[in-house]
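Since the model is a prediction, treat every value here as computed from it, not as a measurement.
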Protein chains: 2
Amino acid sequence: MTTTRVPQEQRSRATRRRLLEATVGCLVDHGYAGTSTTLVSERAGVSRGAQLHHYPSKADLVLAAVRHVSEQRGLELREAAASLPQGAGRTRAVLGMLGDHFTSPVFAAALELWVAARSDEPLRGEVAELEQQLGRDTHRMTVELLGADESRPGERELVQATLDLVRGLGLANTIGDDSARRARVLDRWAEVLEAGVG
Amino acid sequence: MTTTRVPQEQRSRATRRRLLEATVGCLVDHGYAGTSTTLVSERAGVSRGAQLHHYPSKADLVLAAVRHVSEQRGLELREAAASLPQGAGRTRAVLGMLGDHFTSPVFAAALELWVAARSDEPLRGEVAELEQQLGRDTHRMTVELLGADESRPGERELVQATLDLVRGLGLANTIGDDSARRARVLDRWAEVLEAGVG
DNA sequence: GAAGAAACAAACAGGCTTGACTGTTTGTGA
DNA sequence: TCACAAACAGTCAAGCCTGTTTGTTTCTTC
């Protein structure tokens, strides 16, 4: 009674966490189609029975993975935002941070889910909602980081364009590495932003 | 000898064309994972034997589809570019044309192949090469349409940013329809371009 | 300490996909 | 006209994936 340390629930959490992380890893390494439940359980070091115990169907697992990825992305972004320099070069640093995020493994996982959701009815709802929410958060954060004033006409759209740009850069990066070109584009974009924001 | 009309080769071409168009249709409607060879042959109205005759393996079919999609995109872009208005609003019209292309079904098919290629070694090479080539063509075309002068510093990067931006907008459009937001972003971006290009 | 629940393990059946294989028709060149 | 090759048709087996089922261990609670 007094020793309510609940090691069982802890184990449960740990197992679920391992499964979700394995799922994300499979998405990054093998794509959505290559992410079979057997592969996930092997990668997680969890028996197939245990897996089915926690996530009765593949849909359950994938839905949970969608939420996990969304949370991870939010976390990564906030962490990266916290260590940005002040003063000159701030704009470029913000863009660099965004560019890094949209070329990170967790973005690759999100991209796989995003594209898979395009032709998977039950997935689409969840992905759309979470992505919209994350998008709003990211927008708000970027406005703040750049010191933008959304009451000025056009300023809001410029921030949106910034996020669409880095998404496009992220997509371009999935096949060939593109960091040199990306850096040049972001350099130029920083000039545009500094002229039109703040 | 004189009647070398070759109807056999014509039929061959027609069958291959039907198979490729069916493949693209499946990619758009069911995604890469949902594009099975049986589904493609049914959709094309081609027997499984005939399919295997023209494309011995699925990889052969998909590779051919990649080339087909790339050609289609080039064609669509050039056609759309041909009917652009001159004079005021030209910049916005170019952006609208690009935005339309990157939200079209053929772009969806390309996106499916793009993402699938991320975790498919033989596909990756072909997709990367063709996309790079198409990217160069599109860049060249956009420079011309906007009347940009790439010798001026930053102008080249501005055009690249434009293409990355519409790619990002296209990706955002895959799940939820986004046309209103897209229009506002492109309105704003047209202002930036007109200030910085030409 | 004993009953019951949660976590884990593993075998199994059903469905789907791919490509190999065999057979048939149609067109081409001699 | 005849031989040959290309196009087309359909069946079959092997493999993988999913989810169900049955059994075992570990923890909690009375």
Between the main-chain N or O of A:Y32 and the side-chain N or O of A:E112, is there a donor-acceptor pair closer than 3.5 Å? yes

Sorted by number, residues from residues 47-69 of chain A placing a heavy atom under 4.0 Å from DNA chain C are A:S47, A:G49, A:A50, A:H53, A:H54

Looking at B:E126 and B:R67, is any side-chain nitrogen of the basic one under 4.0 Å from a carboxylate oxygen of the acidic one? yes

D:dC8 C1' sits how many Å from B:R18 CZ, rounded? 11 Å

Is a side-chain donor-acceptor pair under 3.5 Å present for B:Q51 with B:R48? yes

DNA chain C-proximal residues of residues 30-44 of chain B, any heavy atom under 4.0 Å: B:S36, B:T37, B:T38

May I ask you to say whether A:R124 pairs ionically with A:E121, meaning some side-chain N is under 4.0 Å from a carboxylate O? yes

Okay, side chain of B:R73, backbone of B:F102: is any donor-acceptor separation there less than 3.5 Å? no

Test side-chain hydrogen bond (donor to acceptor under 3.5 Å, both in side chains) applied to B:D100 - qualifying residues, sequence neighbours left out: none

Regarding A:E191 and A:R188, does a basic nitrogen lie under 4.0 Å from an acidic carboxylate oxygen? yes

Taking A:L171 as the starting point, is it possible to reach A:L169 by hopping between hydrophobic residues whose side chains are less than 4.5 Å apart? no

